[in-house]
Amino acid sequence: HGQVDIPETASTVPRVTGETSTLTTASRVSKVTSTLLTPSTLEIAFLTVIGQAEQVMPGTDSVTVWVAAQTGATTAARAREEPRGRGATRKPRTPPRVVLVSGYYGAGNRGDELLLATLARTLEEGLEDVQVVVAANDPAAVERVHGLPAFARADLTAAEEHAARATAVVLGPGGHWHDYSIAAAGGLAGAFRGTRVSPAHMAQLPLLVAGYGGRVIVHGMGVGPLEDPAARAAVRLTGRVSHAVSVRDEASRALLEPLAADWPAPVTVAPDVVYGLDLPECAPAGAEDEGWIAVSLRPWGDDADRRRELLREVVAAAAGRGLRIVGIPMQPTDTAPLDELGAVAEAEGVPVTILAADAPDDDVLRALGGARAAVTMRLHAALLRHRTRGTAVGLAYDPKVLAHFAELGRAEDALPLEVDPALFRARLEAALDSVRLPATAALAVAEREAAARRDTQRLVEMLRQAPVTLPDPAWVRYTPRR
């Protein structure tokens, strides 16, 4: 059920309820928060050690959801029912096919949570004996939101325990192979010193799984920038123990080409996993009587004056067409630039609604899909907008944003942060005029939706063929002495 903070002077604001969600006009900046009630009967049951009795974690009566809460996309781990009572015949227990999924999950990034939700749903639907376990930033958040067992990825003792009984680890989906934090990690050696960031950190769990005989599958990886020798070394090492490597775009594949000559498997390209997400039904782009521009920003402070100029152009475009603005944070940190946009809009009398960072995914998808046009910095905001077949203007803070627009034949709509405000305004006005993607771009989206589903099914088949790992009964947990 929704909880909405309504300013006294507001007429009607976006309302989030357990049944329906609508976006309506507000007379000033408004913010929407939400909570999700989960059934008290929810149970998460999984084997903590092969051969040990199941341990049941009862669900809570209510929780506040601060990351994705996608209806139909996040799936609770299935409790395994067995006969109870005197004389009941117990079926032989089959060890589960434990699949570890490693990424930046539970950190409040809506894009990453959608990736996890899509992948976990596909694995659970495709493999009857699977137990998905998440190597996460925040295990409690993953368990609360997705209903999946999780452990702290940076806890190497827990990581080894899970690696010893894992059939496979799926590294990704997400943009984990890059230069950004390799210096902070202490180079490749950080992988052996317990670093918690960079490709060196992301190599730790795959190396453990490979050492215990499980399979390593890199799936839906985003790559780049990748120029630092230590980052490249960490990626090269991970690739050498991988049974399969798929990346989300050609640019990523090109970056890996010089590293992958001696990898066991070729690097393949498949669309972003979120192309395979089941979307809720919503009105076509621009069909709402009360129109709006959807805006998804992230922090950027390289040129504050230029940033304010672009924000003013968004507000002017909305004012000129009698539209309002709906701000969509994809991470909690995104609220700061959206607040700045709200202040500019309020000064010009343009109504603005800023969704909460924990808004349900259905609300976010309807806000993106029903808009007259979207302005997006976040990759997955642009991708989801395009999946609704609506137009968008991208601010390419990272090469992955440009790559996404380019693969749809819309590279001219992905603009650099230093873009001339007049050009930005012209592209936004063109998007508002068109509302819907041209047929060629819409076809490209449909092709990627189908290809993404095929690729995840290929992953399911690889995992189905992988032998179930039975831990060595002599395996001992080694805890460092203090």
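All values reported here derive from a predicted model rather than from experimental measurement. Reckoned from all heavy atoms, side chains included, excluding hydrogens, waters and symmetry mates.
When all heavy atoms are compared, the tightest approach of D138 to G106 is CB-O, 3.2 Å. Taking every heavy atom of both residues into account, G103 and N137 meet most closely at O-OD1, 3.9 Å. Considering every non-hydrogen atom in both P280 and R366, the closest pair reads CB-NH2, 4.2 Å. When every heavy atom of V326 is checked against every heavy atom of A367, the shortest pair comes out as CG1-CB, 4.1 Å. The minimum heavy-atom distance linking P299 with P337 is given by the pair N-CG, 3.8 Å. Nearest approach of G187 to A230, heavy atoms of both residues: CA-CB, 3.7 Å.
Scored by the side-chain contact (heavy atoms from CB on, under 4.5 Å) test, V460 finds T122, L123, L127, Q457, R464 as partners (sequence neighbours excluded). F192 is linked by a ring-ring contact (aromatic ring centres under 6.0 Å, His included) to nothing, counting only residues two or more places apart in sequence or in another chain. Among residues two or more places apart in sequence or in another chain, the side-chain contact (heavy atoms from CB on, under 4.5 Å) test is passed with E447 by L443. The salt bridge (charged side-chain N to carboxylate O under 4.0 Å, His left out) test applied to R378 returns D334, not counting sequence neighbours. With sequence neighbours excluded, the residues that form a side-chain contact (heavy atoms from CB on, under 4.5 Å) with P139 are A150, A152. Every residue was checked against the salt bridge (charged side-chain N to carboxylate O under 4.0 Å, His left out) condition with R236, not counting sequence neighbours, and none meets it. Remark: Y397 engages no residue in a ring-ring contact (aromatic ring centres under 6.0 Å, His included) (not counting sequence neighbours). Annotation: side-chain contact (heavy atoms from CB on, under 4.5 Å) contacts of A382 (sequence neighbours excluded): T376, H404, F405.
Residues M462 and H243 fail the side-chain proximity criterion, which asks for heavy atoms closer than 4.5 Å. Side-chain contact between P199 and T238 is absent, with no heavy-atom pair separated by less than 4.5 Å. Within the 4.5 Å cutoff, side-chain heavy atoms of R387 are placed close to those of E449. The side-chain heavy atoms of L171 and M202, taken from C-beta on, include a pair separated by under 4.5 Å. The closest side-chain heavy-atom distance from L279 to L384 is below 4.5 Å. Taking the side chain as every heavy atom from C-beta outward, L463 and V130 never approach each other to under 4.5 Å. Considering only heavy atoms from C-beta on, V352 stays 4.5 Å or farther from L341 through its side chain. Side-chain contact between L338 and V295: present, with at least one pair of heavy atoms (C-beta onward) separated by less than 4.5 Å.
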Distance-only donor-acceptor pairs under 3.5 Å for side chains of residues 215-225, two or more places apart:
none

Do V235 and L255 pass the side chain to side chain contact (heavy atoms under 4.5 Å, CB included) test, and can you show the C-alpha distance, the side-chain angles, and the key distance before you say yes or no? CA-CA 11 Å; V235 170; L255 287 173; over 6 Å; no
Would you sort out whether H146 and V134 count as a side chain to side chain contact (heavy atoms under 4.5 Å, CB included), showing the intermediate values? CA-CA 10 Å; H146 297 276; V134 182; over 6 Å; no
Do R144 and E113 pass the salt bridge (charged side-chain N to carboxylate O under 4.0 Å, His left out) test, and can you show the C-alpha distance, the side-chain angles, and the key distance before you say yes or no? CA-CA 12 Å; R144 182 173 68 246; E113 303 307 321; over 6 Å; no
Determine whether E160 and L156 satisfy the following criterion, side chain to side chain contact (heavy atoms under 4.5 Å, CB included), listing intermediate values before the conclusion. CA-CA 6 Å; E160 183 169 11; L156 292 181; over 6 Å; no
I would like to know whether T118 and T456 meet side chain to side chain contact (heavy atoms under 4.5 Å, CB included); could you show each step before the answer? CA-CA 9 Å; T118 306; T456 52; 5.7 Å; no
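Using modelled atom types, one side-chain atom of R385 and one backbone atom of A371 make a donor-acceptor pair closer than 3.5 Å. At least one donor-acceptor pair under 3.5 Å links the side chain of H178 to the backbone N or O of Y180. Under a 3.5 Å cut-off, the side chain of D228 and the backbone N or O of D179 do not form any donor-acceptor pair. Between the side chain of R307 and the backbone N or O of W300 there is at least one donor-acceptor pair closer than 3.5 Å. Judged purely by atom type and a 3.5 angstrom limit, R248 has no side-chain atom pairing as donor or acceptor with the backbone of P173.
Residue pairs meeting the salt bridge (Lys or Arg N to Asp or Glu O under 4.0 Å) criterion with at least one member in residues 249-265, sequence neighbours excluded: R240-D262, E250-R253, R253-E257. Within the structure, every pair that satisfies the ring pair (Phe, Tyr, Trp, His ring centres under 6.0 Å) test and touches residues 98-125, not counting sequence neighbours, is listed here: Y104-H176. Pairs of residues two or more places apart, or lying in two chains, that qualify as side-chain hydrogen bond (donor to acceptor under 3.5 Å, both in side chains) and include a residue from residues 196-210 are R153-H201, H201-Q204.
A distance of 7.0 Å separates CG of L368 from OG1 of T388, quoted to the nearest 0.5 Å. How far CG of L205 is from CZ of F151: 5.0 Å, rounded to the nearest 0.5 Å. If you take CG on L119 and CD on E124, they are separated by 10.0 Å, rounding to the nearest 0.5 Å. Put simply, CG on L259 and CZ on R232 are 4.5 Å apart, with the number rounded to the nearest 0.5 Å. With rounding to the nearest 0.5 Å, the separation of OH in Y212 from OG1 in T469 is 12.0 Å. The structure places CE of M377 at 10.0 Å from CG of D398, a figure rounded to the nearest 0.5 Å.
Side chains of N109 and H380: a donor-acceptor N/O pair is absent below 3.5 angstrom, by distance only.
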